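For clarity, every value in this text was computed on a predicted model and none was experimentally measured.
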Number of protein chains: 2
Amino acid sequence: MDKVDLQQAGLRVTGPRLKVLAVLEAHRDNHLSADDVYRILCEANDDVGVATVYRVLSQFESAGMVKRQVFSSERAVYELAEEEHHDHMICTTCGDVEEFCRAELEQMLEQLAEAHGFKPLYHDLNMYGLCRRCQAQQQA
Amino acid sequence: MDKVDLQQAGLRVTGPRLKVLAVLEAHRDNHLSADDVYRILCEANDDVGVATVYRVLSQFESAGMVKRQVFSSERAVYELAEEEHHDHMICTTCGDVEEFCRAELEQMLEQLAEAHGFKPLYHDLNMYGLCRRCQAQQQA
DNA sequence: ATATTTGCAAAGCATTTGCAGAGAT
DNA sequence: ATCTCTGCAAATGCTTTGCAAATAT
């Protein structure tokens, strides 16, 4: 089914692309940087050039298969695109990323935009703070 | 009063720092990149090294005098810090940045965070789309 | 007088690009 | 057979840093 995704995106089915896709799927719950993907592939002896990883990720993004995020001016991270939009809470201590979505919130944003005569296309909403675990550890 | 700001921040009052501050004040309604600031100073024959501009801006940020923003992975831009928090609408066509703030929105974010056991410290909320002017031009 | 700040040029980091060879259709 | 993709290494763009001279206190 990966092949199909690639073909639908008008991309040839190649080793590097399948490998990158596999890595993203194997780490669905993490947000990986291009370099993370590269490293994971290297460790698995699946040799793919860094440049290719960057190129493939950006092609996937253009094809709408992955989403690119930049959290507080760190390096970009990628996640497989899901149909439903979501926003992020990023722990400033451990770096953990939690996703959330709330229809009311999205509605309110639409309304706010409209009130400013602005036609919204997409948005980034990132909350930075302490995740549950790090709060607990801080108290200890 | 600029001098006072610098002194309060524990920074010595120097030419370059005053000049950078002056540029930011003269462009309150724009979001300037480090290079924008550098260029503006050059054009005014107020020679300050680029490195200094970067250093000064980051010192100002640490001191809470300016806010640093990164819109959709472009270069960082800076704006004088205001007491009230605000979010941004960025026109994807002309790059214009509009600020907005809505108490209900901030409240909802707090609630959402709490519901996730997350302790929010700050957030970035950027909407990308078409500003009023660019919408009009698109139709023409 | 002394500690901080500046400018320059060099280094750093993430990411992109040119190009010739390898690979997919 | 042809057009696309890959890997490498070099280039890019923004930002940071080392260091000696200049400056603020």
Side-chain angles (χ1 to χ4, degrees), chain A residues 2-24 31-42 44-63 65-79 95, chain B residues 2-23 31-42 44-63 65-78 95:
Chain A
D2 293 347
K3 290 192 184 181
V4 178
D5 289 340
L6 290 174
Q7 287 167 338
Q8 281 183 339
L11 296 170
R12 291 191 171 178
V13 178
T14 68
R17 300 216 248 242
L18 288 172
K19 289 174 186 170
V20 170
L21 209 44
V23 169
L24 291 174
H31 290 66
L32 303 178
S33 68
D35 199 62
D36 290 334
V37 173
Y38 173 66
R39 222 165 286 215
I40 289 169
L41 286 173
C42 285
N45 286 320
D46 281 333
D47 293 316
V48 174
V50 215
T52 301
V53 172
Y54 275 98
R55 265 182 301 225
V56 167
L57 285 171
S58 111
Q59 289 158 350
F60 285 1
E61 195 201 1
S62 303
M65 298 166 58
V66 310
K67 288 237 177 300
R68 181 183 200 267
Q69 298 281 338
V70 182
F71 298 132
S72 64
S73 63
E74 293 192 344
R75 47 142 92 93
V77 293
Y78 298 83
E79 61 177 324
Chain B
D2 293 346
K3 290 193 185 181
V4 177
D5 289 340
L6 290 174
Q7 286 167 339
Q8 281 183 338
L11 296 170
R12 290 188 173 180
V13 179
T14 68
R17 299 218 249 243
L18 289 172
K19 288 174 187 170
V20 170
L21 211 44
V23 169
H31 290 68
L32 302 178
S33 69
D35 199 62
D36 289 335
V37 173
Y38 173 67
R39 220 165 287 214
I40 290 170
L41 286 173
C42 284
N45 287 319
D46 281 333
D47 293 315
V48 174
V50 214
T52 301
V53 172
Y54 275 98
R55 267 183 301 227
V56 167
L57 284 172
S58 112
Q59 290 158 350
F60 286 1
E61 194 201 2
S62 303
M65 297 165 61
V66 310
K67 289 235 176 301
R68 181 185 201 267
Q69 300 279 336
V70 182
F71 298 132
S72 64
S73 63
E74 293 191 344
R75 47 142 88 98
V77 293
Y78 299 82

Worksheet item: Between the base of D/dC3 and the side chain of A/Arg12, is there any donor-acceptor pair under 3.5 Å?
Response: yes
Item to complete: Could you tell me the separation between the CG atom of B/Asp35 and the C1' atom of D/dT16, rounded to a whole number of Å?
Response: 15 Å
Practice prompt. Starting from P on D/dT6, measure out to CG on A/Leu57 and report it in whole angstrom.
Written response: 12 Å
Practice prompt. State whether the distance check finds a donor on one side and an acceptor on the other, under 3.5 Å, for side chain A/Arg17 versus base C/dG23.
Written response: no
Worksheet item: Which part of the nucleic acid, if any, lies within contact of A/Val50, taking any heavy atom under 4.0 Å across all strands shown: a base, the sugar-phosphate backbone alone, or nothing?
Response: nothing
Item to complete: Under 4.0 Å between any heavy atoms, over every strand shown, what does B/Val48 touch: base, sugar-phosphate, or nothing? Just pick one.
Response: sugar-phosphate
Worksheet item: Atom OH of B/Tyr38 and atom P of C/dT6: how far apart are they, to the nearest Å?
Response: 15 Å
Worksheet entry | From D/dT6, D/dC8, C/dA9, nucleotide with atom closest to A/Ala51 side chain | D/dC8
Discussion item. Quick check on D/dA24: is either OP1 or OP2 less than 4.0 Å from any side-chain nitrogen or oxygen of B/Thr14?
Written reply: no
Item to complete: Kindly compute the distance separating CG (A/Asp46) from OH (A/Tyr38), expressed to the nearest 0.5 Å.
Response: 12.0 Å
Worksheet item: If only side-chain N and O atoms of B/Arg75 are considered, is one of them under 4.0 Å from the OP1 or OP2 phosphate oxygen of D/dC14?
Response: yes
Discussion item. Return whichever of A/Ala76 or A/Val13 has its heavy-atom-nearest nucleotide of DNA chain C closer to the 5' end.
Written reply: A/Ala76
Worksheet item: What's the spacing between A/Gln69 CD and B/Ser73 OG if we round to 0.5 Å?
Response: 10.5 Å
Practice prompt. Classify the nucleic acid contact of A/Asp47 as base, sugar-phosphate or nothing, counting any heavy atom under 4.0 Å across all strands shown.
Written response: sugar-phosphate
Discussion item. Contact between A/Glu61 and A/Leu57 at the side-chain level, heavy atoms closer than 4.5 Å - yes or no?
Written reply: no
Discussion item. For a quick test of reading the model: is some side-chain N or O of A/Ser33 closer than 4.0 Å to OP1 or OP2 of C/dA14?
Written reply: no
Worksheet item: Please give, in whole Å, the distance from D/dC5 C1' to A/Phe60 CZ?
Response: 12 Å
Item to complete: Find the distance B/Leu18:CG to D/dT23:P and express it as a whole number of Å.
Response: 15 Å
Worksheet item: Distance check: side-chain N/O of A/Tyr54 vs OP1/OP2 of C/dT16, anything under 4.0 Å?
Response: no
Worksheet item: Tell me: CZ of B/Arg55 to C1' of C/dA9, nearest whole Å?
Response: 12 Å
Discussion item. Minimum heavy-atom separation for A/His31 and A/Asp36, please, with both atom names.
Written reply: O-OD2, 4.3 Å
Item to complete: Can you tell me the distance, in whole Å, between the CZ atom of A/Arg68 and the C1' atom of C/dT16?
Response: 11 Å
Practice prompt. Start with the C-alpha distance between B/Phe60 and B/Leu21, add both sets of side-chain angles, then the distance that settles side-chain contact (heavy atoms from CB on, under 4.5 Å), and finish with yes or no.
Written response: CA-CA 9 Å; B/Phe60 286 1; B/Leu21 211 44; 3.7 Å; yes
Worksheet, complete the sentence: Assert: residue with more 5' nearest nucleotide on DNA chain D, out of A/Gly15 and B/Gln7, is A/Gly15
Worksheet item: Rounded to the Å, how far apart are A/Leu6 CG and D/dC5 C1'?
Response: 12 Å
